[in-house]
K.L.:
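What follows is a structure written as structure tokens; I'll ask about it next.
Just so you know, these numbers use all the heavy atoms, side chains as well, and skip hydrogens, waters and symmetry mates. We count ligands from 1, going down the list as the structure has it; atoms in each ligand are counted the same way.
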Amino acid sequence: MTVYLNGEYLPIGEARVPVLDRGFLFGDGIYEVIPVYGRKPFRLSQHLVRLQNSCDGIRLTNPLDAAGWTTLIADLISRQDFADQNLYLQVTRGVAKRDHAFPQTATPTVFMMANPLVTPTPAQFEAGVPAVSAHDNRWQRCDIKSIALLANVLLRQLAVDEGATETILFREGYLTEGAASNIFAVKDGRLLAPPRNHLMLPGITYDTVLELARDHGIPLEVRQISEAEVRAADELWLTSSTKEVLPITRFDGHAVGDGHAGPLARRMLALYQALKDTA
Ligand code: PDD
């Protein structure tokens with residue numbers, strides 16, 4: 001696999017970052033995950049806007065403008081020998097003597113890689129996945145796509161420890177998101193989504209689902225969703241760039257709805273697939 005590091009393309013085994021990189025020492029950086037279908041990045045402009053917001057959020061000058069990123073991303077995509085890709089990019093504050101304060105002079109480290117994109121199969125979609133719950137103990141800037149993911153790592157591991165796929169997070173009794181995804185609920189045919197704010201990552205897939213719901217007349221409520229509502233939901237979904245729209249069919253050991261993908265999830269996945277095909 002060919003990766004990009006600071007202006008060079010090289011085999012992943014040869015890519016090296018100095019130990020004084022602030023990404024390594026402090027988790028001082030931001031990232032994006034962009035799905036690529038048939039060598040075309042999906043919703044690229046939205047990912048680049050979020051990247052800019054993450055840079056602004058950590059007071060890091062974005063090393064490239066949208067045109068620069070678009071060229072670089074196209075170049076990396078073309079160097080892989082598989083068409084559907086999971087494109088990961090990260091920017092750190094660069095290499096400097098260890099000190100919490102920003103270095104006076106440091107060049108951001110830019111790293112990109114593209115792995116084969118593995119999305120859920122139709123059978124996995126139909127069966128759905130199990131999830132567990134946890135208190136959302138992360139910081140208050142979850143809108144920044146920070147590489148400092150220790151809290152998310154620990155929270156997601158709670159799911160894996162229970163043989164589940166995702167951990168659904170609650171703060172003060174309200175749904176925020178998953179450890180690595182956004183979460184939607186369905187009740188009586190209405191789609192419920194937590195509002196975009198600093199307590200969750202504004203998922204590109206989340207925005208796409210909201211857009212599709214509005215465009216296709218699916219009843220939608222974007223508002224705070226209580227833990228009790230999540231537990232009583234007819235359907236639960238997780239969404240992300242790599243999982244797309246995936247039903248959660250068991251939650252804390254109980255079946256969600258009838259324990260299979262629900263009708264609104266099927267409809268939304270079909271709309272999402274159609275959008276991918278025309279993008
Ligand atoms: N994670 N919330 C969190 C905490 C996430 O880590 C992600 C995605 C999402 C969904 O965002 P999007 O729809 O833009 O993928 C929400 C990526 C895939 C990751 O860290 O690998």
Side-chain angles (χ1 to χ4, degrees), residues 23 27 29-37 41-54 57 69 73 84-92 111-120 129 131-160 165-171 174-185 193-213 222 225 236-246 248 268-269 271-273 275-276 279:
I30 45 89
Y31 77 108
E32 274 297 324
V33 175
I34 305 170
V36 176
Y37 300 104
F42 184 60
R43 305 236 131 180
L44 178 60
S45 56
Q46 290 89 336
H47 281 278
L48 294 180
V49 167
R50 186 172 65 184
L51 178 67
Q52 184 61 53
N53 291 339
S54 295
W69 280 114
I73 287 167
D84 291 345
Q85 302 174 16
N86 169 343
L87 194 143
Y88 175 91
L89 70 86
Q90 82 167 47
V91 184
T92 76
F111 171 64
M112 297 202 296
M113 63 179 166
N115 284 289
L117 178 64
V118 183
T119 55
V129 294
V132 299
S133 63
H135 169 61
D136 190 342
N137 57 6
R138 300 173 301 162
W139 70 334
Q140 304 256 346
R141 289 305 308 273
C142 296
D143 54 321
I144 297 172
K145 203 160 170 63
S146 162
I147 63 168
L149 285 172
L150 185 55
N152 300 66
V153 165
L154 292 171
L155 289 164
R156 171 102 205 292
Q157 188 59 34
L158 294 176
V160 174
T165 299
E166 182 58 300
T167 305
I168 301 181
L169 307 176
F170 297 95
R171 205 188 276 261
Y174 290 97
L175 171 66
T176 54
E177 60 178 338
S181 62
N182 291 110
I183 305 291
F184 290 83
R196 248 172 180 273
N197 58 27
H198 59 288
L199 299 179
M200 69 168 225
L201 186 79
I204 306 303
T205 322
Y206 164 96
D207 281 345
T208 307
V209 164
L210 292 188
E211 197 180 299
L212 288 169
V222 179
I225 303 164
L236 293 175
W237 312 343
L238 67 82
T239 69
S240 80
S241 292
T242 51
K243 298 285 191 345
E244 302 179 333
V245 178
L246 184 60
I248 292 167
M268 184 53 72
L269 184 70
L271 294 170
Y272 191 83
Q273 303 283 14
L275 187 68
K276 270 164 49 179

K.L.:
Is there a donor in the side chain of Asp136 and an acceptor in the side chain of Thr176, or the other way round, less than 3.5 Å apart?
P.N.:
yes
K.L.:
Under 3.5 Å between some N or O of ligand 1 and some N or O of Arg138?
P.N.:
no
K.L.:
If we ignore hydrogens and angles and just use 3.5 Å, is the side chain of Arg43 paired with the main-chain N or O of Ala279 as donor and acceptor?
P.N.:
no
K.L.:
Examine distances only and state if a side-chain atom of Asn137 and a backbone atom of Ala151 form a donor-acceptor pair shorter than 3.5 Å.
P.N.:
no
K.L.:
So is Gly178 polar-close to ligand 1, meaning N/O to N/O under 3.5 Å?
P.N.:
no
K.L.:
Quick one: does Glu32's side chain have a donor or acceptor within less than 3.5 Å of a partner on Leu48's backbone?
P.N.:
no
K.L.:
Is it true that Lys276 and Glu244 have a side-chain N and a carboxylate O under 4.0 angstrom from each other?
P.N.:
yes
K.L.:
Between Phe42 and Tyr37, how do the two ring planes meet: parallel, tilted or perpendicular, split at 30° and 60°?
P.N.:
perpendicular
K.L.:
Could you find the nearest protein heavy atom to atom 1 (N) of ligand 1 and give me its residue, atom name and distance?
P.N.:
Lys145 NZ, 3.4 Å
K.L.:
Would you say the side-chain atoms of Arg50 pair up with the backbone N or O of Ser45, donor to acceptor, closer than 3.5 Å?
P.N.:
no
K.L.:
Quick check for you: to the nearest 0.5 Å, what is the distance between Asp207 atom CG and Thr239 atom OG1?
P.N.:
9.5 Å
K.L.:
How does Tyr31 reach ligand 1, by side chain, by backbone, by both or by neither, if only non-hydrogen atoms under 4.0 Å count?
P.N.:
side chain
K.L.:
Side chain, backbone, both or neither: which part of Asn152 has a heavy atom under 4.0 Å from ligand 1?
P.N.:
side chain
K.L.:
List ligand 1 atoms under 4.0 Å from Ser181, heavy atoms only on the residue side.
P.N.:
2 (N), 3 (C), 5 (C), 7 (C), 9 (C), 16 (C)
K.L.:
At less than 4.0 angstrom from any non-hydrogen atom of Gly203, what atoms of ligand 1 do you find?
P.N.:
11 (O), 12 (P), 13 (O), 14 (O)
K.L.:
Any idea which atoms of ligand 1 are less than 4.0 Å away from a heavy-atom of Thr205?
P.N.:
12 (P), 13 (O)
K.L.:
Using distance alone, determine whether Arg50 and ligand 1 share an N or O pair under 3.5 Å.
P.N.:
yes
K.L.:
Using a 4.0 Å cutoff against the non-hydrogen atoms of Ser241, which atoms of ligand 1 qualify?
P.N.:
12 (P), 13 (O), 14 (O), 15 (O)
K.L.:
Return the residue, atom name and 0.1 Å-rounded distance of the protein heavy atom closest to atom 21 (O) of ligand 1.
P.N.:
Val33 CG2, 3.7 Å
K.L.:
Taking only non-hydrogen atoms of Ala179, do any sit less than 4.0 angstrom from ligand 1?
P.N.:
yes
K.L.:
Can you tell me how far apart CG (Leu150) and CG (Leu154) are? Round to the nearest 0.5 Å.
P.N.:
4.5 Å
K.L.:
Considering only the protein, which heavy-atom contact is closest to atom 7 (C) of ligand 1, and what is its distance?
P.N.:
Ala180 O, 3.5 Å
K.L.:
List every atom of ligand 1 that sits less than 4.0 Å from any heavy atom of Glu177, numbering the atoms from 1 in the order shown and giving each element.
P.N.:
2 (N), 3 (C), 4 (C), 16 (C)
K.L.:
For atom 10 (C) of ligand 1, what's the nearest protein heavy-atom neighbour? Residue, atom name and distance, please.
P.N.:
Asn182 OD1, 3.6 Å
K.L.:
Any chance you could measure Glu177, atom CD, to Arg171, atom CZ, to the nearest 0.5 Å?
P.N.:
9.5 Å
